[in-house]
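Excluded from the calculations below are hydrogen atoms, water molecules and symmetry mates; all remaining heavy atoms, backbone and side chain alike, are included. Just so we're on the same page: letters track the sequence lines, and every chain starts at 1.
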Protein chains: 2
Amino acid sequence: MGCAPMGHILYDEVMRYNPKNPYWFNRDRFVLSAGHGCMLQYALLHLAGYDAVKEDDLKQFRQWGSSTPGHPENFETPGVEVTTGPLGQGIANAVGLALAEKHLAARFNKPDSEIVDHYTYCIVGDGCNMEGILTEACSLAGHWGLGKLIVFYDDNHISIDGDTEIAFTEDVSGRFEALGWHTLWVKNGNDGYDEIRKAIQEAKSVTDKPTMIKVTTTIGFGSPNKADWDAKFAQYEQKYPEDAATLKSIITGELPAGWADALPQYTTESPADATRNLSQQCLNALAKVVPGLIGGSADLASSNMTLLKMFGDFQKDTPEERNVRFGVREHGMGAICNGIALHTPGLIPYCATFFVFTDYMRGAMRISALSEAGVIYVMTHDSIGLGEDGPTHQPIEHLVSFRAMPNMLMFRPADGKETAGAYKVAVLNRKRPSILALSRQKLPHLPGTSIEGVAKGGYTISDNSTGNKPDYIIMSTGSEVEIAVKAAEELTKEGKTVRVVSFVCWELFDEQSDEYKESVLPEAVTARISIEAGSTLGWQKYVGSKGKTIGIDKFGASAPAPKIYKEYGITAENVIAAAKSL
Amino acid sequence: MGCAPMGHILYDEVMRYNPKNPYWFNRDRFVLSAGHGCMLQYALLHLAGYDAVKEDDLKQFRQWGSSTPGHPENFETPGVEVTTGPLGQGIANAVGLALAEKHLAARFNKPDSEIVDHYTYCIVGDGCNMEGILTEACSLAGHWGLGKLIVFYDDNHISIDGDTEIAFTEDVSGRFEALGWHTLWVKNGNDGYDEIRKAIQEAKSVTDKPTMIKVTTTIGFGSPNKADWDAKFAQYEQKYPEDAATLKSIITGELPAGWADALPQYTTESPADATRNLSQQCLNALAKVVPGLIGGSADLASSNMTLLKMFGDFQKDTPEERNVRFGVREHGMGAICNGIALHTPGLIPYCATFFVFTDYMRGAMRISALSEAGVIYVMTHDSIGLGEDGPTHQPIEHLVSFRAMPNMLMFRPADGKETAGAYKVAVLNRKRPSILALSRQKLPHLPGTSIEGVAKGGYTISDNSTGNKPDYIIMSTGSEVEIAVKAAEELTKEGKTVRVVSFVCWELFDEQSDEYKESVLPEAVTARISIEAGSTLGWQKYVGSKGKTIGIDKFGASAPAPKIYKEYGITAENVIAAAKSL
């Protein structure tokens with residue numbers, strides 16, 4: 001990376017516009033997707049007067065407790081916008097940032113007031129260009145015509161293993177053109193800045209396509225002026241008070257009072273339904289009261305049930321709409337949503353695919369968790385319960401794999417009340433991403449479940465014992481809670497006392513007080529059984545040494561769901577047998 | 001998908017060449033990467049006389065126990081080559097199959113005998129084309145000049161969410177051209193087969209580039225004749241007995257007698273070293289005796305330590321070599337390796353990146369496990385022990401996430417003996433993929449570790465008790481076994497009896513007899529402590545209700561490794577304190 005000219009122009013043209021105020025809403029966004037420019041980025045932040053990057057911090061590069069870690073992290077260093085260590089995440093973030101700008105501009109700009117109006121710049125290297133996630137995100141940027149996205153490709157022919165000749169000989173500009181981008185080539189980037197400045201102007205003159213500028217060395221950009229914008233916003237507020245209030249709530253992230261009351265109410269009399277359908281009811285109810293909710297699916301909208309019925313598609317010419325069509329690009333989708341979430345606190349992006357295909361986007365999901373981006377992941381077809389599509393589509397190990405991921409909330413709601421409860425927690429958690437694992441198959445609304453219970457992560461939904469000492473505790477999540485309840489009913493008929501616990505979100509349960517935990521899982525009761533249509537690994541934490549786990553520790557099968565449940569032993573009979581064996 | 005013409009030509013030109021013999025080595029490979037053609041594929045296999053697909057099976061499509069599951073699975077249905085449910089895997093498999101052909105042809109063909117000589121065909125749809133993995137794999141196919149790979153793009157403008165106009169408007173042929181492919185367009189594929197047959201001929205005439213044929217309906221292909229090939233091989237064997245023997249062992253997958261003796265021997269006197277370096281010693285030793293070992297890294301060869309020093313790079317003009325340079329394309333790399341493994345039983349592909357970036361390739365790794373492809377995943381920089389690169393590069397939840405994945409062997413060796421032991425098991429397991437999580441930092445060779453112990457998954461490496469009743473059991477993996485040993489030494493000095501167990505591969509331990517398990521983890525000993533620099537989730541299974549887990553349930557940090565270990569409490573002092581608290 002050509003650090004000298006990049007440093008010069010960054011300092012000269014950017015930093016002096018945004019000093020000490022990294023969180024101004026309408027600022028230009030800058031993403032360093034290419035690796036190994038971290039020290040430069042920190043040095044510039046220091047020169048520009050960001051308090052958090054002191055001279056000592058520069059000396060403490062990559063050291064314990066410094067604000068200058070080995071890869072830039074948005075939560076560690078003011079002025080760093082997104083977390084871009086893993087290659088390709090940064091450019092996809094930049095697409096999300098540019099999407100957010102285009103969407104908000106279309107919703108809030110007026111003929112006499114361009115209140116939202118900034119560029120998104122990104123520097124990518126050869127490594128980013130090899131990653132599939134880059135092509136996924138850039139294909140969408142071309143499709144959406146994100147004209148204010150300007151990407152510099154640092155064409156230096158070096159990646160970690162050496163010359164790119166060993167593995168990367170494609171025509172990068174040709175690929176970007178095929179993706180619908182405007183491309184430019186600064187052949188002589190090292191000699192002076194004029195050619196680079198000219199290219200930026202040319203990029204800005206093309207407004208219906210994103211621009212990729214191939215340069216041998218990289219550079220910076222200009223930025224809108226905050227003092228001007230404040231005055232502009234004051235005028236806007238006077239003329240368009242309602243829009244200004246909505247935009248303000250998006251900028252601050254403050255949710256409207258009573259927003260959670262809009263969530264649908266369910267009772268045991270509500271018709272049985274798949275939690276993916278109940279999820280759609282929640283999303284549609286929330287979209288009416290949460291102005292920043294925006295999202296979509298990776299080509300499975302009608303399976304994931306994610307369409308917001310009152311809105312149209314976010315497209316090139318309709319960017320004010322809120323249904324984003326990501327195509328079959330899961331990894332790009334996740335990282336684009338990180339960009340949206342990190343653009344402005346009140347934008348709440350959600351995205352969707354089959355739960356098993358989190359395997360395609362885990363890189364981006366981990367960055368959601370690490371960079372505190374409150375993306376909501378709507379993941380349907382959450383177990384063997386999806387049936388005939390077979391083992392390639394049936395998640396087994398996925399629940400435990402996310403339960404182990406720090407700062408990620410993994411929900412598996414059992415019915416309508418729990419689905420609404422999961423959405424309530426997810427919307428409130430703007431610094432923790434959430435995953436909702438949802439069923440394809442119909443589930444009854446159970447007595448005892450509640451929105452309040454979900455907030456505790458694990459809670460008793462039925463119990464016929466007294467004195468906090470049932471004979472058995474049966475614990476479960478999602479579609480298997482119904483089975484746990486049936487088993488408890490049978491055991492009760494036989495004179496036993498049984499507690500059923502819904503463990504809808506392990507992470508939240510683990511955060512409760514010891515007192516609360518003891519009230520749900522009393523130490524004295526060791527006859528505990530778990531049942532979940534997924535890997536048993538991890539359940540030992542709650543069932544203890546004397547308890548039994550019922551689950552699936554092999555791949556699934558292709559057949560109607562009830563048949564697979566029976567063959568795999570995910571049944572009330574097996575819970576009863578396990579209880580009696582204890 | 002245009003089923004009628006595809007069916008006609010497949011039956012007419014392919015099936016009659018390969019009837020009832022799906023495992024003939026030099027057959028053309030056919031991969032249906034596009035979804036929703038499964039029933040057609042099954043029907044053709046039935047018509048062609050594959051015993052395993054009976055008329056009843058066709059009626060039992062997507063039903064329990066049939067050989068016709070909802071998505072084609074190679075282990076379920078003879079004649080199905082690879083498992084392609086998740087989009088984009090199939091085309092990347094096809095690149096691996098074509099790589100295998102080009103490599104074996106370059107190694108074994110003679111001027112007078114083209115003993116390896118077949119085409120790889122693949123049908124992709126719009127969905128595959130949106131996936132990043134497709135571009136990763138196809139960029140490599142272009143770079144490598146895989147002239148015998150012919151891909152049909154079923155350009156029908158339909159994906160699940162409807163018309164591709166909503167999310168996919170790029171120039172697909174333009175992108176393939178930029179990736180270095182030869183492209184053709186059959187504009188009128190429905191009217192007759194002549195134009196399609198002509199396109200195939202044209203594709204075959206271009207030998208230095210893969211070909212992408214865009215057609216509105218899809219078709220089949222011709223195939224070499226097995227009777228001719230048998231005669232050709234007989235001649236080859238006579239003229240080139242040594243090469244024929246090697247090729248035969250690759251075809252059958254039979255390993256040479258005593259191959260495992262080639263693995264390096266380590267003692268406690270061997271110099272301390274990072275397990276990534278010890279891994280390189282093992283790989284280089286194996287490459288000398290295992291003729292089918294081939295692989296490489298995603299642009300981190302010199303960090304992952306995966307170069308085979310006696311071989312050059314597999315490249316377009318040197319396909320007989322065995323160091324594959326995958327570039328920064330993790331997902332494509334994994335799926336390409338699945339294709340290599342499923343081409344021929346004796347090809348043993350390995351691939352490498354930082355352990356944290358398994359997040360980028362998990363989709364392909366799950367298919368390795370599901371489709372029984374014995375890929376060896378060499379994953380270095382396996383914990384906070386990597387130090388300064390910080391939390392984006394430090395795995396936390398990855399070990400448990402793979403321990404929960406069915407049919408995957410997750411190894412974390414503690415030293416040289418265990419690294420060699422892990423390779424021994426991995427090479428032997430041709431139907432189970434293996435992951436080796438390896439350290440960046442130096443580790444001592446410990447007394448008590450052994451190649452034989454690794455095969456049991458968990459085993460006692462030190463114990464000063466008698467009668468299978470130590471005061472404490474300390475269990476650990478990888479770089480923390482050293483810490484466990486230190487803590488045991490301290491406790492022993494204080495008069496306690498302590499057993500240290502290395503849990504190098506949980507899956508293998510779980511497969512041992514109850515008797516063996518009791519000999520390692522006697523039920524009577526409840527004072528158990530685990531220590532591992534990763535998520536504690538799952539360890540409860542072994543430490544039990546009364547035990548304690550020491551690990552990391554948050555993201556890492558950027559600092560020198562010893563500092564992070566201390567700050568995160570991954571220390572012998574903490575093990576001792578935990579023991580005393582029990």
Side-chain angles (χ1 to χ4, degrees), chain A residues 62-64 69-71 85-87 127 130-133 135-136 139 143 159-161 166-171 174-175 178-180 299-301 325 327-329 331 359-360 362-363 366 370 388-393 397 400-401 404-406 535 537-538 540-541 544-545 554-555 558-559 563, chain B residues 62-64 69-71 85-87 127 130-133 135-136 139 143 159-161 166-171 174-175 178-180 299-301 325 327-329 331 359-360 362-363 366 370 388-393 397 400-401 404-406 535 537-538 540-541 544-545 554-555 558-559 563:
Chain A
R62 295 161 72 97
Q63 299 305 307
W64 180 262
H71 289 86
L87 290 178
M130 293 188 233
E131 292 284 7
I133 185 177
T135 297
E136 291 183 3
S139 177
H143 173 75
S159 66
I160 296 176
D161 268 359
I166 64 172
F168 188 56
T169 51
E170 64 182 63
D171 170 11
R175 172 159 51 82
L179 301 179
D299 198 43
L300 291 168
R325 305 292 200 155
V328 194
R329 303 181 182 95
H331 204 179
D359 285 348
Y360 271 52
R362 209 174 154 91
R366 187 174 207 256
L370 178 59
E388 292 85 344
D389 266 335
T392 55
H393 285 52
E397 68 279 21
V400 62
S401 80
M405 186 181 278
S535 169
L537 194 62
Q540 296 83 5
K541 176 171 161 180
S545 303
K554 59 181 178 178
F555 287 113
S558 176
K563 177 71 177 169
Chain B
R62 294 160 73 94
Q63 299 305 306
W64 180 262
H71 289 86
L87 291 177
M130 293 188 233
E131 291 286 7
I133 186 177
T135 297
E136 291 182 4
S139 177
H143 174 75
S159 68
I160 296 175
D161 269 358
I166 63 171
F168 188 55
T169 50
E170 64 182 62
D171 170 11
R175 171 159 52 82
L179 301 179
D299 197 43
L300 291 168
R325 305 291 199 154
V328 194
R329 302 180 182 96
H331 204 179
D359 285 348
Y360 271 51
R362 207 172 156 91
R366 189 175 205 255
L370 178 59
E388 292 85 344
D389 264 336
T392 56
H393 285 52
E397 69 278 21
V400 61
S401 82
M405 187 180 278
S535 170
L537 194 62
Q540 296 83 7
K541 177 172 161 180
S545 303
K554 59 181 178 178
F555 287 111
S558 177
K563 176 72 178 170

**Request:** May I ask you to decide if A/Ala167's main-chain N or O and B/Arg329's side chain share a donor-acceptor pair within less than 3.5 Å?
**Result:** yes
**Message:** What part of B/Ser535 gets within 4.5 angstrom of chain A, counting heavy atoms only: side chain, backbone, both, or neither?
**Reply:**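 Contact with chain A involves the side chain of B/Ser535 alone.
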**Under 4.5 Å from a heavy atom of chain A, the part of B/Thr135 involved** = side chain
For [X] and [Y], work out which heavy atoms get closest and say how close.
| X | Y | result |
| --- | --- | --- |
| A/Leu370 | B/Pro391 | CD1-CB, 3.8 Å |
| B/Gln63 | A/Ala559 | C-CB, 3.9 Å |
| A/Ala404 | B/Val400 | CB-CG1, 3.3 Å |

**Prompt:** Rounded to the nearest 0.5 Å, what separation is found between the CG atom of A/Asp359 and the CG atom of B/Asp359?
**Reply:**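 Going from CG on A/Asp359 over to CG on B/Asp359, the span is 9.5 Å.
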**Request:** Find the distance between CZ (A/Arg62) and CG (B/Asp389) and round it off to the nearest 0.5 Å.
**Result:**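 So the gap between those two atoms works out to 5.0 Å.
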Determine the option with the most heavy-atom pairs under 4.5 angstrom with chain B, choosing from [options].
| options | result |
| --- | --- |
| A/Gly174, A/Gly363, A/Gly544 | A/Gly363 |
| A/Leu300, A/Thr169, A/Val328, A/Leu179 | A/Val328 |
| A/His331, A/Gln540, A/Glu388 | A/Glu388 |

**Fill in**
Answer key: most heavy-atom pairs under 4.5 Å with chain A among B/His143, B/Lys541, B/Arg175, B/Glu136 is B/His143
**Request:** Determine the option with the most heavy-atom pairs under 4.5 angstrom with chain A, choosing from B/Gly180, B/Ser139, B/Gly390.
**Result:**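 Greatest number of close heavy-atom pairs with chain A: B/Ser139.
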**Prompt:** Does the side chain of A/Glu397 reach to within under 4.5 Å of the side chain of B/Pro406, using non-hydrogen atoms?
**Reply:**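 Sidechains of B/Pro406 and A/Glu397: in contact.
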**Prompt:** Can you find a side-chain donor-acceptor pair between B/Ser545 and A/Ser545 that sits under 3.5 Å?
**Reply:**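 Distance-only check passes for B/Ser545 and A/Ser545.
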**Item:** Sole candidate of A/Arg366, A/Arg362, A/Glu131 that passes side chain to side chain contact (heavy atoms under 4.5 Å, CB included) when paired with B/Tyr360
**Value:** A/Glu131
